[in-house]
Amino acid sequence: MKQKHPRPFVVATFAMTVDGKVTTKNLSPVDFTSREDKLHLFRQRALADAVLIGHTSLKRDNVRLGLPAELQETRVRRGQSRSPLRVIVSNEGRIEDRLNIFQSNISPIVIFSTKRMPRKYQRTLEKKATLHLSNSRCVNLDGMLQTLCEEYKVRTVACEGGPTLFRALLELGLIDQLNLTIAPYMFGGAKAPTLTGVSKKFLPASVHCSLTDVRTVGEECFLTYRIKHQRSLRK
Ligand SMILES: NC(=O)c1ccc[n+]([C@@H]2O[C@H](COP(=O)([O-])OP(=O)(O)OC[C@H]3O[C@@H](n4cnc5c(N)ncnc54)[C@H](OP(=O)(O)O)[C@@H]3O)[C@@H](O)[C@H]2O)c1
């Protein structure tokens with residue numbers, strides 16, 4: 001898909017079970033991957049200028065989105081900041097400032113949300129992050145990536161989910177690479193989200209994933225795909 005404006009290269013990293021689930025139906029934090037996979041996620045995060053997360057994953061997993069000291073040093077040697085910019089997306093904007101991410105000042109935090117964010121939250125969050133609040137009901141993800149590119153000089157984004165945000169980006173043709181770990185479990189359950197969430201709807205167009213790398217460590221498989229966007233619509 002040809003882009004009208006320059007935007008960063010977006011790499012999504014996910015782990016899923018053999019039956020395609022990224023979590024259980026309650027969205028409770030589940031630890032189903034190895035130490036190697038966690039390191040893999042850190043390494044991918046360390047490569048990017050910005051790390052992007054949806055509000056639900058941030059809330060559920062309560063992540064700081066930081067990096068181990070060793071990877072911070074690697075970035076410094078490469079001439080990058082110690083840690084990538086941390087970017088949160090939320091339409092409603094009811095983001096609690098007691099979340100772990102706001103207790104760490106490892107890198108600046110940028111929030112893309114809408115004017116639906118209650119004033120009380122705006123007042124609290126603007127002390128801890130830079131807020132970009134749009135007048136629309138939902139965040140314009142294309143516009144968000146352009147802003148990251150133009151105002152923050154972000155060239156690469158590590159998208160860490162969750163599935164709802166990933167699907168929205170995918171539908172807009174804004175995902176360029178997918179790193180997918182297959183973990184040796186099956187969860188079952190129609191209500192447990194897959195990589196593209198719980199929506200029963202087809203994607204507007206099928207997305208062709210071109211396999212560029214396969215690595216196996218222990219019982220886990222680490223796949224890398226380049227995302228191609230096909231024109232034909234599904235019936
Ligand atoms: N296995 C893995 O690799 C992996 C990776 C990531 C996450 N997860 C799991 O996934 C679960 C959460 O997934 P999820 O799909 O429910 O949540 P999500 O994608 O992390 O977040 C959804 C929320 O993000 C905001 N959002 C999403 N799309 C948006 C858009 N287009 N524009 C603006 N804001 C948008 C909205 O926030 P508001 O509601 O605030 O408006 C939305 O409710 C968690 O259980 C987490 O553990 C697993």
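As the structure lists them, so they are numbered: ligands from 1, and atoms in each ligand from 1. None of the values given here were measured: they were computed from a predicted structure.
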Query raised in the report: Mind checking whether Val22 has an N or O less than 3.5 Å away from an N or O of ligand 1?
Result: yes
Identity and distance of the protein heavy atom lying nearest [atom]:
atom: atom 10 (O) of ligand 1; answer: Pro163 CD, 3.4 Å
atom: atom 4 (C) of ligand 1; answer: Phe14 CD2, 3.8 Å
atom: atom 43 (O) of ligand 1; answer: Thr56 OG1, 3.7 Å
atom: atom 31 (N) of ligand 1; answer: Leu141 CD1, 3.3 Å
atom: atom 20 (O) of ligand 1; answer: Ser57 OG, 2.6 Å
atom: atom 18 (P) of ligand 1; answer: Gly162 N, 3.5 Å
atom: atom 19 (O) of ligand 1; answer: Leu165 N, 2.9 Å
atom: atom 24 (O) of ligand 1; answer: His55 N, 3.2 Å

**Report entry** Donor-acceptor under 3.5 Å (Arg86 side chain, Arg64 main chain)
**Finding:** yes
Which is closest to [atom] by heavy-atom distance: [options]?
atom: atom 33 (C) of ligand 1; options: Ile53, Asn91, Thr13, Leu27; answer: Asn91
atom: atom 25 (C) of ligand 1; options: Val89, Asn26, Asp61; answer: Val89
atom: atom 15 (O) of ligand 1; options: Thr164, Thr33, Val30, Leu195; answer: Thr164

Report task. Could you tell me whether the side chains of Thr17 and Asp19 share a donor-acceptor contact shorter than 3.5 Å? Result -> yes
Query raised in the report: Less than 4.5 Å apart, any side-chain heavy atom of Arg75 and any of Arg82?
Result: no
**Report entry** Min heavy-atom dist Ala15 to ligand 1 below 4.0 Å
**Finding:** yes
Query raised in the report: Out of curiosity, is Gly197 lining ligand 1, as in a heavy atom under 4.0 Å away?
Result: no
Identify whether the distance between the nearest side-chain nitrogen and carboxylate oxygen of [X] and [Y] falls below 4.0 Å.
X: Glu36; Y: Arg215; value: yes
X: Asp176; Y: Lys228; value: no
X: Glu160; Y: Arg45; value: yes

**Report entry** Parallel, tilted or perpendicular: ring planes of His132 versus Phe112, cut at 30 and 60 degrees
**Finding:** parallel
Just to be sure I read this right, does ligand 1 sit under 4.0 Å from the backbone of [X], its side chain, both, or neither, counting only heavy atoms?
X: Ser90; result: both
X: Thr23; result: side chain
X: Glu160; result: backbone

